[in-house]
Protein chains: 2
Amino acid sequence: MKLKDEKTEVKILKAAKEVFTKHGLYGARMQEIADIAGINKALLHYYFRNKEKLFDAVFEGALKKYFEQMMVIGDTSLPVKDRLFVFVDNMFTFLEEYPMMAIFILKEVTLNQDVFKQKIKQIKSNQPFLIDVLQDAMDKKEIKSFDPFVFMINLQSLCAYPFIAGPIYKNMFISHGYEWGNTHDNIEKIKDSVKEFITFKFQ
Amino acid sequence: MKLKDEKTEVKILKAAKEVFTKHGLYGARMQEIADIAGINKALLHYYFRNKEKLFDAVFEGALKKYFEQMMVIGDTSLPVKDRLFVFVDNMFTFLEEYPMMAIFILKEVTLNQDVFKQKIKQIKSNQPFLIDVLQDAMDKKEIKSFDPFVFMINLQSLCAYPFIAGPIYKNMFISHGYEWGNTHDNIEKIKDSVKEFITFKFQ
DNA sequence: GCCAAAATTAACCATTTGGTTAAACTATAA
DNA sequence: TTATAGTTTAACCAAATGGTTAATTTTGGC
């Protein structure tokens with residue numbers, strides 16, 4: 001894909017997003033970005049001083065959004081269970097909007113932990129952390145006691161993985177002669193199953 | 001980690017697995033692999049002609065193994081629930097051994113679906129598909145009735161995602177001042193929670 | 001002990017890669 | 001028109017990297 005008739009900066013950002021998404025921070029080549037943008041490599045460094053700066057510019061905000069969903073929405077007037085239901089709804093809304101971003105971020109963080117450690121630290125939120133909300137509810141005997149860390153991981157697993165692994169399921173089910181698409185219907189089914197899981201843990 | 005007193009080929013494979021797992025195919029450096037293996041870089045090329053060959057050697061069969069996890073072990077003498085427990089054990093064993101494999105496969109499949117469609121088809125197994133096993137058990141009224149697709153996705157989500165998102169959790173928990181100590185201990189906790197989920201669905 | 005084959009190494013090599021430089025081109029305001 | 005600031009390019013550069021070569025050491029059968 002060659003890009004023309006656009007402001008250079010936009011061309012670069014689009015090309016960079018394409019290449020970074022495909023190959024990651026390490027695998028991406030500045031030359032390929034320049035080629036796709038249809039410009040000279042030096043121009044990349046003119047607009048964005050270096051590779052990492054360009055990377056940051058491309059994914060500015062994406063990381064933040066991704067990690068913000070790990071915070072619980074703070075309507076403390078509602079029971080914890082209802083707040084978690086809202087949390088799940090938000091999670092699915094986010095993931096339906098950015099299914100590619102999720103896997104990209106996960107891969108980048110996995111492969112390049114030291115770099116991302118700092119970027120994650122920079123993300124600040126005034127929302128309470130899910131762990132704390134759960135622990136608090138347990139202390140007040142509002143809910144049954146269980147390991148909040150494990151629960152949080154379970155919950156996010158149930159929400160996120162279906163999107164990340166979507167293509168695998170699609171291929172696998174099809175090649176086994178089953179009917180299954182990433183239709184909104186199926187997503188709703190999965191969402192319900194997550195809420196069922198919450199209800200089970202809270203019973 | 002320096003490796004000594006082992007057959008060179010084994011040393012190389014162990015070191016390569018460590019480095020590939022940490023940095024991926026692109027990010028891995030042959031020099032680092034050589035250093036960890038405690039040998040000369042040229043020796044890598046003596047045993048494995050080039051980087052990709054070495055990568056293939058390290059992850060030879062891993063893909064096959066991964067997809068075989070999706071088949072239920074065919075010991076039909078056991079109850080379905082026990083077979084699922086074995087399935088979960090196998091899944092965790094595999095993922096602990098190749099934590100980077102899951103995300104690697106996910107990314108590859110997402111990126112290049114047609115290529116993987118064939119690879120998945122090539123992986124032939126005479127093992128029954130999890131969906132079928134569940135449907136069969138439901139038909140025989142051995143277990144409560146539920147959507148086997150959603151259950152399968154739930155199950156694999158609970159198993160795979162903690163490994164895929166492991167680095168994120170590690171960093172996030174640490175940066176929030178939480179204790180998330182010994183990794184294997186926590187993995188066992190999560191594994192138990194998956195089995196608890198199975199028990200819940202089968203009750 | 002001798003010798004050939006296998007294993008191992010140090011020193012290189014060619015290419016790639018992120019990044020720089022200085023010159024050239026372009027728009028635009030005075 | 002021309003001075004100026006902003007934009008774009010070709011040509012480089014140094015470092016890193018995957019890979020090679022030729023020589024040296026080790027091994028094992030005779």
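Chain naming here is simple, since letters A, B, ... match the order of the sequence lines and numbering starts at 1 in each. Values below: every heavy atom of this structure, side chains too, minus hydrogens, waters and symmetry copies. Because the structure is a prediction, the values reported are computed rather than measured.
- When the C1' atom of D:dA16 is taken as reference, atom NZ of A:Lys51 falls 13 Å away, rounded to whole Å.
- Summarising the geometry, the separation between CD on A:Glu9 and C1' on D:dT8 is reported as 15 Å, rounded to the nearest angstrom.
- Look at A:Tyr46 and you won't find any side-chain N or O under 4.0 angstrom from OP1 or OP2 of D:dT9.
- Computed from coordinates, the B:Asp35 CG to D:dA16 P distance equals 14 Å when rounded to whole Å.
- A straight line from NE2 of A:His45 to P of D:dC13 spans 17 Å, rounded to a whole angstrom.
- The 5' end of DNA chain D is approached more closely, in terms of each residue's nearest nucleotide, by A:Ala42 than by the other of A:Ala42 and B:Arg49.
- Under the 6.0 Å distance and 45° angle rule, A:Lys195 counts as a cation-pi partner of A:Phe85.
- Of the possible donor and acceptor atoms, one in the side chain of B:Lys17 sits under 3.5 Å from a partner among the backbone N and O of B:Glu97.
- Between the side chain of A:Lys41 and the base of C:dG18, a donor-acceptor pair under 3.5 Å is found.
- Residue B:Arg29 has no polar side-chain atom (N or O) positioned under 4.0 Å from OP1 or OP2 of D:dA16.
- Remark: A:Lys144 fails to qualify as a cation-pi partner of A:Phe202 under the 6.0 Å distance and 45° angle criteria applied to the six-membered ring.
- Nucleic acid contact for A:Ala34: none, since no nucleic acid atom lies under 4.0 Å from a heavy atom of the residue.
- Between the side chains of B:Tyr169 and A:Gln156, at least one donor N or O lies within less than 3.5 Å of an accepting N or O.
- Atom NZ in A:Lys53 sits roughly 14 Å away from atom C1' in C:dG18 (whole-Å rounding).
- Checking the phosphate oxygens (OP1, OP2) of C:dT17, no side-chain nitrogen or oxygen of A:Tyr26 falls inside 4.0 Å.
- Between B:Ile12 atom CD1 and C:dT9 atom C1' the separation is 13 Å, expressed in whole Å.
- Between A:Lys41 and A:Asp35 there is no salt bridge, since no side-chain nitrogen of the basic residue lies less than 4.0 Å from a carboxylate oxygen of the acidic one.
- Following rounding to the nearest Å, A:Leu54 (CG) and C:dG19 (C1') show an atom-to-atom distance of 13 Å.
- Under 4.0 angstrom from either OP1 or OP2 of D:dT7 there lies no side-chain N or O belonging to A:Thr8.
- Residues A:Asn40 and B:Asn40 each lie close to DNA chain D; by heavy-atom proximity, the contact nearer the 5' end of the strand is made by A:Asn40.
- Taking the side chain of B:Met30 as heavy atoms from C-beta on, and the options D:dG19, C:dG18, D:dT7, the nearest nucleotide is D:dG19.
- The residue B:Phe48 sits apart from the nucleic acid: no heavy atom pair falls under 4.0 Å.
- Nucleotide D:dG18 holds its C1' atom 9 Å from the CG atom of B:Asn50, rounded to whole Å.
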